[in-house]
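Here is how names work: the chains are called A, B, and so on, in the same order as the sequence lines, proteins then strands, and each is numbered from 1.
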Amino acid sequence: MSHKYKIDIWILIPVLILMIFSIGAVYSASSTFSHEKYQDSNYLFKQHGIKVLLSIIVIFVFAKIDYRYLEDISKPLIWITIALLIFTLIGGRGPIKGASRWINLGPLSFQPSELARYSVIIYVAVLLARKKEYIYLLYKGYLPVLFYILLVTGLILIQPNFSVSMIIFSTCMLMMFLSEVKLKHLIFTILALIPFAAVFVLSKDYIIGRITSYADYHSSGNTSYQLQQALIGFGNGGLTGIGPGNSNQREFFLPEAHGDFIYSIIGEEYGFIGTFIILFLYFIILFRGYKIAKEFKDDFGRYLAFGIITLISLNALVNMSVASGVIPTTGVTLPFVSYGGTSIIFTSAAIGVLLNISSQRDEVIEEVVIE
Amino acid sequence: MDYGKYKSADKNLIQRRKINFILLILIIVFAAVFLKLVNVQIIDSEKYKIAARKQYENKITLSPFRGLIYDRNMNILVSNSYEFSFAADPNMIEKPEEVAKIFSNVFGKSAEEYLSKLTMPNTSFVYLERKVDVNNTKGLDTLNINGVIVLKEPKRIYNYGSLASQITGFTNIDNKGQTGIELSMESELAGREGFVIMQRDGRGNNRPAIEFPRKDPENGNSIVLTIDVNIQKFVEEELRDGVNTFNADGGKAIVLAVKTGEILGMASYPSYDPNNITINDTIGMKNSVISDVFEPGSTFKLITAAAAIEEKFEDKNSVIETDNISEVQGLKITDVHSAKSMTFEKIVEQSSNVGFSKVSLKLGAERFYKYARDFGFGIYSGIELPGENRGYLKRPIDFNSFSLPYMSIGYEVLVNSLQIANAYSSIANNGMMMKPFIVKKEISNDMRIIYESKPTQIRQVVSEKTAKSLTEMFQNVVESGTGTSAGIEGIKIAGKTGTAQRLVDGKYSSNSHNASFVGYFPAENPGLIILVALNNPKSGDYYGGKVAAPIFKKIAERIIGFKGTSDIYQSTIVSTGNFELKDEKIITAGYSDNSVLIPNLLNLKQEDAIEILKENNIKYQLINNEAKAGSGNSTIRVIESQIPLPNERVADINSLTVLLTVKETIISNDRLVAVPDVSNLSLRKAINILLSNGFDFFVSGTGKIAGQTPPPGTKQLPGSKVILYCRNHQ
């Protein structure tokens, strides 16, 4: 069996382009903020540059590791994740931006939710593959999977991190939809969760505020300062943009310019051409990822690939929709592009896993033949 | 539906369809983002661009320097300084009691007064002190008190105080001309405001932006007057003394250059000090020489005399009967002399009312009116000063039977002093009337001439012959007639006295007079004409020949005796006169070779400013403001203020030390730009390169670029000045 290392370059290349692009975008978007906060306009840029380099290494390392090993560590991983999530709730790093999301490990500080989004996907994929013969059964098949999903997304929700929790939950629901879970189980689950979600939303003023501000924008054109500034960034960029590094919006006009709203800075500097290219790159990743999932024979690999791509795509779509005012404001980073600390490393690891899956498209079939 | 029952192939097909279904939903989201982006970035882009520009740009007005006013010898009559105004935003004041105490200490008013302003509710701007002189701020302008707003406002400095103040006029609190040259030359002096578009960040802080438009203010042009400060000084001093000696209500005097119409001195008394205007100054502010009209009395006999000779009704030897009390057309006219008959020459010499009124009747109304008009009465002289009153000259159609004899001796007619002086000046100038003017030149900041007045001939009023013969008669007036007190030994002076009863409560008063004398010299080739008029002298003497003529004499003597002027009209006088020269204290040195124009160093980097000063051999002294410490940044030192102010001309470079106040400014490194290399390029090209790189420039010398400061490659703040040294290569 000649092992030919054949990853899907149609996923790798867009990801690498996004990462390289992000170096410039973060540099431009963060320089004023960095200068103000760290007296060094390159501070965040350097931090980000290191992480991008690390991420590229991570991609290739994970692309080499057989994704099937994940099955073995999936159970300990989910429990470590749950433990970390609980730890952040009771004693993690102090609240940042009103949310306690961080684990403080010095230079390796990270948000457990970053880990959680992938460990839950892996474990759900494992369970769906393992229970495929009886997943349609409510107690033996469906509920145990739902238990983990609700536990993890619930812990993230009460951090509070509504948007990330929703994205993970949606991804897991779509994975179950893909598997042989009974549709009525899914529908009942969602119907049952709606009252809880409603109570949660109504109890959080900031979510209500964002939604009313969004509704207001669509009825009267008035909008929150942040969205207004994001739109000015896009609009001022026009078709071709005002040029790399020329952003004005980063000069304290647009809060979180290098983070959740970096897409607007890209729009400002590179214009519609830039934003369209970014949009198109995510579309390629989504399309190729789903193609792998569709063609992949191994159940675990297929669910995993589907989960990873769905998660990344939802992240990207939510971020871009928020920045451009399609949906209400919520804090989600733009995968591979935003300055977002460790998130890029976890996402890259996930892409590595996906690439590894892509490289084994044919081997799985061979194995079947050999058996 | 039970998926478990399906075969593997079917299962794969269903899953594929499910993925396609999810993909479709996600594509819809992609499409939504795409459409939104098309909308914002392409369709509505312009709307957002406008919103962007609005929030990024902050237009800041740059005030120009108001032009200076010079005398004919480039002595600066009016220049610029600053005043500070202090205001407060009560909402921002943290410790009003302390701030009130500070202001109370500096300005001596009670702390309560300031405290009430500092705690004023519902306002964000209240003046604490306005228009504080630079020297009286006691450093308050450099204190950085939260909520206290320091406004630096330009202020006019009238270097000679009240001297020529009616000519220069003054500016109001907004530095706009209110009277005099300041008013009439407002548009030339004011300059144009410039602006700089500052880039503003989200916190409202300004940053200079190189790609944004900047329009430098155009400093006002300066005005050079025909006035000579020295002559002006003589005129004002002698007029003041004369008014006091003869106990007059006021007086006016004017000195004209006969051949050109230039006004060399012009004053009325009382006067005022434009540096320190009080409510009592309203009379003093008026330039009575042009704005006061009066019945001139005998000086107006010029019209009759000139017309009679020109039209050959009389020559100097014609004899006219002159009873001392004589009825002319039923009008009783009196004379002070007692001759039964006189030659025409004598009539002029003795200023016989009877004689002139009889001659006027021979001329007739139309002819009289024509000459009066031609001599410039009843019409504006066109002087470049505001507030001229053209007086009143009755038209023949409005004459009654008494009008002509009355007008012939200077009643029933209203004139201003300039009109009288200029009418006589045209006789002095061989019958050619010149247009009087006071603005000699308009010059730009770099002393380029924008506009220069040329002497303008108005008309030949009478023939040269007539003029000469009148001058002869006027000479007799001074030699043996009514104007003997004007006589100066060794110089021939032609002149005419005037004494007119003033209308008091509608009747001519026998004890209130306007006394005047107008004379010119040297009679052989007149250069200067001087008019002096006193209102209501009450010292006993009231004849023009007794009160105005002596003042004329003193002014004339001082002008003739004054040495050190280079003006052609004055030098002819000086050379003609045969005088013991008196030493007059020269008020300031003129525009000599040692003089220097102070360069504008404001906001330049300290090194650049010093470089410019060295290049011009100007001594300097630096005064450092408190330095602020900065970390991770470089600081630059820039010139915050300078004394003397830019564009002033200082007489002697050797006695000059420029005081520079330096402040430290923190700049972040990443805004610095490397200075381009422009050596050996043409000046034009170098400037283009510098401007396109966002630098400003200062040129020293002419020709190609021989050197530059700072050197190429040095990191500089955009907008900072690069000094270009140019040399002409042979």
Quiz prompt | Exercise: identify the closest heavy-atom pair between Gln229(A) and Ser264(A) | solution = O-OG, 4.2 Å
Quiz item: Quick one: what part of Tyr134(A) sits under 4.5 Å from any heavy atom of chain B, side chain, backbone, both or neither?
Solution: neither
Quiz item: Atom CD1 of Ile25(B) and atom CG of Asn20(B): how far apart are they, to the nearest 0.5 Å?
Solution: 11.5 Å
Quiz prompt | Contact class of Ile27(B) relative to chain A, heavy atoms under 4.5 angstrom | solution = side chain
Quiz item: Can we say Asp40(A) and Lys46(A) salt-bridge, meaning some charged N sits less than 4.0 Å from an Asp/Glu carboxylate O?
Solution: yes
Quiz item: Given the options Leu178(A), Leu286(A), Ile242(A), which has more heavy-atom pairs under 4.5 Å with chain B than any of the others?
Solution: Leu178(A)
Self-check item: Proximity breakdown for Ile42(B) and chain A, heavy-atom pairs closer than 4.5 Å
Solution: side chain
Quiz prompt | Under 4.5 Å from any heavy atom of chain B - which part of Phe306(A) | solution = side chain
Quiz item: Out of Phe261(A), Tyr263(A), Tyr270(A), which residue meets the ring pair (Phe, Tyr, Trp, His ring centres under 6.0 Å) rule with Phe234(A)?
Solution: Tyr263(A)
Quiz item: If you count heavy-atom pairs under 4.5 Å between each of Ile43(B), Val38(B), Asn39(B), Ile50(B) and chain A, which one has the most?
Solution: Val38(B)
Quiz item: What is the minimum heavy-atom distance between Trp10(A) and Ile284(A), and which atoms define it?
Solution: O-CG2, 3.4 Å
Quiz prompt | Residues, nucleotides or ligands: over 12 heavy atoms within 6.0 Å of Tyr27(A) OH | solution = no
Exercise. Counting only heavy atoms closer than 4.5 Å, note whether Asn246(A) contacts chain B via side chain, backbone, both or neither.
Key: neither
Quiz item: For chain B, which of Leu314(A), Leu239(A), Thr275(A) has the most heavy-atom pairs under 4.5 Å?
Solution: Thr275(A)
